Amino acid sequence: MIGVSRRLALGGGLAALAGACAAREPDGLASLAARRGVRFGAAAEPQTLENDRAFAALVAAECAGLTPENHLKWNVLRPRPRAFDFGPADRIMAFAERNRLAVHGHALLWHEANPAWLSHELRPVAAEEILREHIDGVVGRYAGRIASWDVVNEAVERNDRRPDGLRRSRWLETLGPDYIAMAFEAAHQADPAAVLLLSDYGLEYDDERWMVEKRGTMLTLLAGLRRRGVPIHGLGIQGHLLGDRRPAFGRDFRAFLGEVARLGLEIHITELDVNDQNTPGDVRQRDETVAAIYRAFLDCVLDEPAVKAVTTWGLTDRYTSKTDMFPRADGQPVRPLPFDRALARKPAWQAMAQAFNR
Ligand code: G3I
C-alpha cells in the first residue's frame with residue numbers, strides 16, 4: 001500500500017492539498033504547477049521564514065513544497081559524534097506543516113557540509129554503523145512528514161577517474177560503491193513511504209561535453225541500482241543554470257529525461273536557479289536573459305511526464321546563496337530567482353508561469 005507522504009509527493013494528491021490551503025495564491029506558481037501534476041517549491045532557511053513575515057507569506061502563497069536549504073545537512077544536525085541537533089530542522093518543519101508544504105529533505109549523504117569529526121570516525125569498521133545510525137535517526141524522526149529525500153547528493157564525478165564514474169568521497173573510499181545502496185536501503189527502512197532520490201548537478205546542457213558524458217554515467221548507475229532492486233524512486237536534477245550560456249536544453253536532454261523515466265523513476269528538479277554573475281546588460285536585459293533560460297529549461301523538462309517536482313534554490317533575490325558564492329564584478333546585486341529583493345514578480349516568474357500554463 002502506498003503511504004500518505006508518498007501519495008502527497010505525487011501530483012494529484014498535491015493538487016488537492018494546494019487547493020485546500022487558504023494561503024496559496026490561485027495564480028501562484030504552486031497552483032499553476034499543480035494543474036499539470038507538478039509540485040512547485042523553494043528552498044529556504046528557518047531564520048528568514050521566522051524573521052521576515054512578508055517573505056514567509058510569499059512562500060506560503062507561491063509554494064507547495066519546501067526544501068530546508070542547509071539545516072538537514074550533517075554539519076548542522078551532527079555537531080558532535082553521538083548527538084543530533086534537530087532544533088533548526090524542527091523549526092522549518094513546523095513552518096512547513098503550518099502552511100501545508102510538502103518537505104523535500106536535503107541531503108542524507110553529501111561530500112560537503114560535513115562536521116570535522118566525521119572524517120576521523122569514518123573507518124571501515126565503523127562507517128556502515130555511522131551511516132545507518134544517521135539515516136535511521138534523521139529519516140526515522142521525520143517519517144511520514146518528509147515527502148521525499150536527496151539520499152545521496154552528487155555521487156558522480158568523472159574527474160575522479162574511476163571506471164564507474166563515482167566520486168571518491170569519504171563514504172566511497174571507506175565503504176566502496178555499495179555505500180549508495182546501503183543509504184537507500186536504510187532510508188527506505190526508516191520511512192517506506194518517502195520518495196528517495198539520487199541527486200546531482202551537471203546533467204542539463206546539451207552543448208557541454210562533460211555533462212553529456214555524465215548523463216551516460218548517471219544512466220548506468222541508475223539502471224544498476226534498479227536492476228539490483230535498490231529502493232530508489234527518482235533522479236534529482238539540481239538545475240543550477242548559467243546566465244551567460246546559450247540555453248541548450250534540446251533533443252539530447254529531452255531524450256535523457258525519457259531514459260530516466262523508462263527506468264521507472266520520477267524526476268525532480270531540486271535546486272533550480274540562474275546564475276547571473278556574468279550576465280551582461282542592465283537590470284532589464286539581465287532579467288530578460290534569465291527569464292528566457294528558465295522558460296527554455298522548463299519547456300523541456302515539463303514535456304516529460306515523469307517530472308513531478310520543480311524546486312527553486314531560494315524564491316527571492318533577497319535571500320540567495322548566490323549573493324556570497326557568485327557576486328558580480330560590477331557590484332550589482334545578483335538576480336537569479338523569480339522574485340526580486342522587494343518580493344515583486346520578475347520576468348523569470350512570468351516565464352515560469354507561462355511554462356507551467358503551456
Ligand atoms: O549559518 C552560518 C552563520 O551563522 C555564519 O555567520 C556564516 C558565516 O560564514 O555562515 C553561516 O553558514 C553558511 C550557510 O550557508 C548559511 O548561510 C555556511 O558558512 C555556508 O557554507 C552555507 O553554504 C551553503 C552551501 O550549500 C554549503 O552547505 C549554501 O547556503 C547553500 O545554498 C548551498 O547549497 C548547495 C546544495 O546544498 C547542494 N548543491 C549546490 C548548492 C549550491 O551551492
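In this text the structure is predicted, and so the values were computed from the model without any measurement. Every heavy atom of this structure was used, including side-chain atoms; hydrogens, water molecules and symmetry mates were not. Counting starts at 1 for both ligands and their atoms, in listed order.
- For atom 15 (O) of ligand 1, a protein heavy-atom neighbour is present inside the 4.0 Å cut-off.
- Distance check for atom 39 (N) of ligand 1: a protein heavy atom is found below 4.0 Å.
- Of the protein's heavy atoms, none falls inside 4.0 Å of atom 19 (O) of ligand 1.
- For atom 31 (C) of ligand 1, the closest heavy atom belonging to the protein is Glu69 OE2, 3.4 Å.
- Applying the ring-ring contact (aromatic ring centres under 6.0 Å, His included) test to every pair with at least one member in residues 269-297, sequence neighbours left out, gives these pairs: Phe249-Phe297, Phe253-Phe297.
- A salt bridge between Glu157 and Arg162 is absent, with no side-chain N of the basic residue lying under 4.0 Å from a carboxylate O of the acidic one.
- In terms of N/O distances under 3.5 Å, ligand 1 is approached by Ser321.
- The pair Asp299-Arg254 does not meet the salt-bridge criterion, since no charged nitrogen lies less than 4.0 angstrom from a carboxylate oxygen.
- The distance from ligand 1 to the heavy atoms of Asn153 drops below 4.0 Å at these ligand atoms: 38 (C).
- Interface atoms of ligand 1 facing His240, defined by a heavy-atom separation under 4.0 Å, are 40 (C), 41 (C).
- Between Trp149 and His104, the distance separating the two ring centers is not shorter than 6.0 angstrom.
- Under the 4.0 Å distance rule, the nearest protein heavy atom to atom 7 (C) of ligand 1 falls outside the cut-off.
- Judged by the shortest distance from any of its heavy atoms, Tyr201 lies outside the 4.0 Å radius around the atoms of ligand 1.
- The shortest contact between atom 43 (O) of ligand 1 and any protein heavy atom is with Met325 CE, 3.1 Å.
- At least one heavy atom of Glu271 sits closer than 4.0 Å to an atom of ligand 1.
- We find that Asp340 and Arg318 are not joined by a salt bridge, their nearest charged nitrogen and carboxylate oxygen being 4.0 Å or further apart.
- Contact annotation: the side chain of Trp171 never approaches that of Ile180 to less than 4.5 Å [non-hydrogen atoms, C-beta and beyond].
- The protein heavy atom nearest to atom 25 (C) of ligand 1 is Lys73 NZ, 3.8 Å.
- At the shortest separation from atom 23 (O) of ligand 1 among protein heavy atoms lies Asn70 OD1, 4.3 Å.
- Among protein heavy atoms, atom 36 (C) of ligand 1 sits closest to His106 NE2, 3.4 Å.
- Under 4.0 Å is where a charged nitrogen must lie from a carboxylate oxygen, and between Asp85 and Arg78 no such pair does.
- Protein heavy atom in closest approach to atom 17 (O) of ligand 1: Glu45 OE1, 4.0 Å.
- A salt bridge is defined here as a Lys NZ or Arg NE, NH1 or NH2 lying under 4.0 Å from an Asp or Glu carboxylate O, and Arg145 with Asp191 fails to meet this definition.
- Taking 4.0 Å as the cut-off between side-chain N and carboxylate O, Arg251 and Asp206 do not count as a salt-bridged pair.
- Of the protein's non-hydrogen atoms, the one nearest atom 34 (O) of ligand 1 is Trp313 NE1, 3.3 Å.
- For the ring pair (Phe, Tyr, Trp, His ring centres under 6.0 Å) test, no residue two or more places apart in sequence or in another chain qualifies with Phe356.
- Within a 4.0 Å radius of atom 10 (O) of ligand 1, the protein has no heavy atom.
- Electrostatic pairing of Asp200 and Arg215 does not count as a salt bridge here, judged by no charged N lying under 4.0 Å from a carboxylate O.
- Note that atom 3 (C) of ligand 1 has no protein non-hydrogen atoms nearby, at separations under 4.0 angstrom.
- Counting the atoms of ligand 1 from 1 in the order shown, those under 4.0 Å from a heavy atom of Ala113 are 28 (O).
- The pair Glu213-Arg158 meets the salt-bridge criterion, with a side-chain N (NZ, NE, NH1 or NH2) lying under 4.0 Å from an Asp/Glu carboxylate O.
- Remark: atom 28 (O) of ligand 1 lies closer than 4.0 Å to at least one protein heavy atom.
- For the ligand labelled ligand 1, residue Asp324 lies outside the 4.0 Å heavy-atom shell.
- With respect to the salt-bridge test (charged N to carboxylate O, under 4.0 angstrom), the residues Asp276 and Arg335 do not qualify.
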